[in-house]
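The model shown is predicted, which means the values in this text are computed figures rather than measured ones. Chain naming here is simple, since letters A, B, ... match the order of the sequence lines and numbering starts at 1 in each. Side chains included, hydrogens not; waters and symmetry mates left out as well; all remaining heavy atoms used.
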Amino acid sequence: MSVLITDAAFDPAEQLRLFTHASKGAGAIVSFTGLVRDTSSTGAVTRLHLQAYDPMTQRGMEDAIDKARGRWPLQTVSIIHRVGDMAPDDPIVFVATASAHRRAAFESADFLMDYLKTEAIFWKKEYTEDSERWIEPRPEDYKDKNRWNS
Amino acid sequence: MSVLITDAAFDPAEQLRLFTHASKGAGAIVSFTGLVRDTSSTGAVTRLHLQAYDPMTQRGMEDAIDKARGRWPLQTVSIIHRVGDMAPDDPIVFVATASAHRRAAFESADFLMDYLKTEAIFWKKEYTEDSERWIEPRPEDYKDKNRWNS
Amino acid sequence: MTTLIYLGRLADVAGTSEEQLDLPDTIKTTDDLRAWLNTRFSSPTPAFDQSVRIALDSEICVEPASLGTAIEIAFLPPVGGG
Amino acid sequence: MTTLIYLGRLADVAGTSEEQLDLPDTIKTTDDLRAWLNTRFSSPTPAFDQSVRIALDSEICVEPASLGTAIEIAFLPPVGGG
């Protein structure tokens, strides 16, 4: 299980290589990569800034992995999350799950992404040529998250 | 959109690198990698053999991608499927989907894997030290597949 | 001449994955063909049962179907990849 | 001395992301603190409303709560990463 919060750029393909290597015998591996969008409602995005608040951010992500492991039989889980300044198309987040079971790998990655979008302790500021604004989760994000409450 | 059926080994990490490169501006990328299991109900697996029947196999996979594109807004989709002889831990299948929307990327990859497990035109033979048997989809695979009928 | 393709486990039943032959004149439909093959390759339970789909020239047919002028007939037991 | 941490958009409201100060003796609870900050950093709508959670020494508190001996108090507007 690993959680990494980093202000350095990372390569999702390289992370999948490392993760697959660490998941021998798993059978099913799902990865999610989130990238900085290049457009927003107010124009072309020039920069995205992400802020965390450690140790709360790290601890929250570890708790989310524990919850996922309580629900699904997972062999390996990894989350990498960028902080600091990013450009459009830069990877922001990488989540990977490995299991003997395909559905467990899919559902747990989906669950972790819903957590990251609505509960993970990050704040995002989006910059365009002539504006800047803090972004908060959308109603859909909370709705996606609530799928897991039953 | 690409479908590749190949008897050569492939590297999922390298495939994710190429796919991410081809999906600029997407926002969300999901990948699934299926690997040969190292154990079966009858012992340690020594070899897995996969057989296709072209052009039906290729055409069926292309049709499945068309169906996925009809249901979800997808920017890019890729499926790579091995045929021939494989060893435990070799990648059998790689599915990647890219979309502006995280749920579209997750659901379409999940949908395509359910198709591949139950309808894609492949036959699998599993070898252990002292046995060999043809493997057919499990009841769970058909059940997973039927989730998409509504 | 017709090419018969035995896929998956049916290659074990037929002892070959493919054969070319002239079908008897009496074999005109998929039902005729199933019955004939179940006799040729007899096994405790008929191998060419309804779980096996038939493709005529690379198209799954809706049975019962006439074999028509198909030059390649393939027998597909239950499929599944991944 | 107490360290106040203003996270996300609250740094724009407070004009700083962090400050160290001696809180007035009258500020004993999270409610007191919210009211005091809303006065200090006045804006058309109060910035330290109930959508902002408070962490005392890195633990989200269940409000209303006593500030106790907390040495670091953080204000968390709605979160979300990915």
For A:Ala28, enumerate each residue passing the side-chain contact (heavy atoms from CB on, under 4.5 Å) test, keeping only those at least two apart in sequence or located in another chain.
A:Arg102, A:Ala105, B:Phe32
Please list every donor-acceptor pair closer than 3.5 Å that links chain A with chain D, giving the two atom names and the distance for each.
residue, atom, partner, partner atom, Å
A:Gln51, OE1, D:Gly8, N, 3.0
A:Tyr53, OH, D:Glu72, OE2, 2.3
A:Arg59, NH2, D:Ser58, O, 2.4
A:His81, NE2, D:Gly82, N, 2.8
A:Leu116, O, D:Gly81, N, 2.7
A:Lys117, NZ, D:Gly82, O, 2.6
A:Ala120, O, D:Gly80, N, 3.4
A:Phe122, O, D:Gly80, N, 3.0
A:Trp123, NE1, D:Pro77, O, 3.0
A:Lys124, NZ, D:Gly81, O, 3.2
A:Lys125, NZ, D:Asp12, OD2, 3.2
A:Trp134, NE1, D:Asp12, OD2, 2.8
A:Glu136, OE2, D:Arg9, NE, 3.0
A:Glu136, OE2, D:Arg9, NH2, 3.4

Name the member of A:Pro55, A:Ala52, A:Ala120 that forms the most heavy-atom pairs with chain D at distances under 4.5 Å.
A:Ala120
Heavy-atom proximity to chain A below 4.5 Å, by part of D:Ile5:
side chain
Pick whichever of D:Ala74, D:Ala55, D:Gly80 has the most heavy-atom pairs under 4.5 Å with chain A.
D:Gly80
Above 12 or not: heavy atoms from other molecules or residues under 6.0 Å from CD1 of D:Ile71?
no
Counting heavy-atom pairs under 4.5 Å with chain A, which one of D:Pro77, D:Pro78, D:Gly81 comes out on top?
D:Gly81
What pair of heavy atoms forms the shortest contact from D:Gly82 to A:Met113, and how long is it?
CA-CE, 4.4 Å
Measuring heavy-atom distances to chain D, does A:Ile121 have an atom under 4.5 Å in its side chain, in its backbone, in both, or in neither?
both
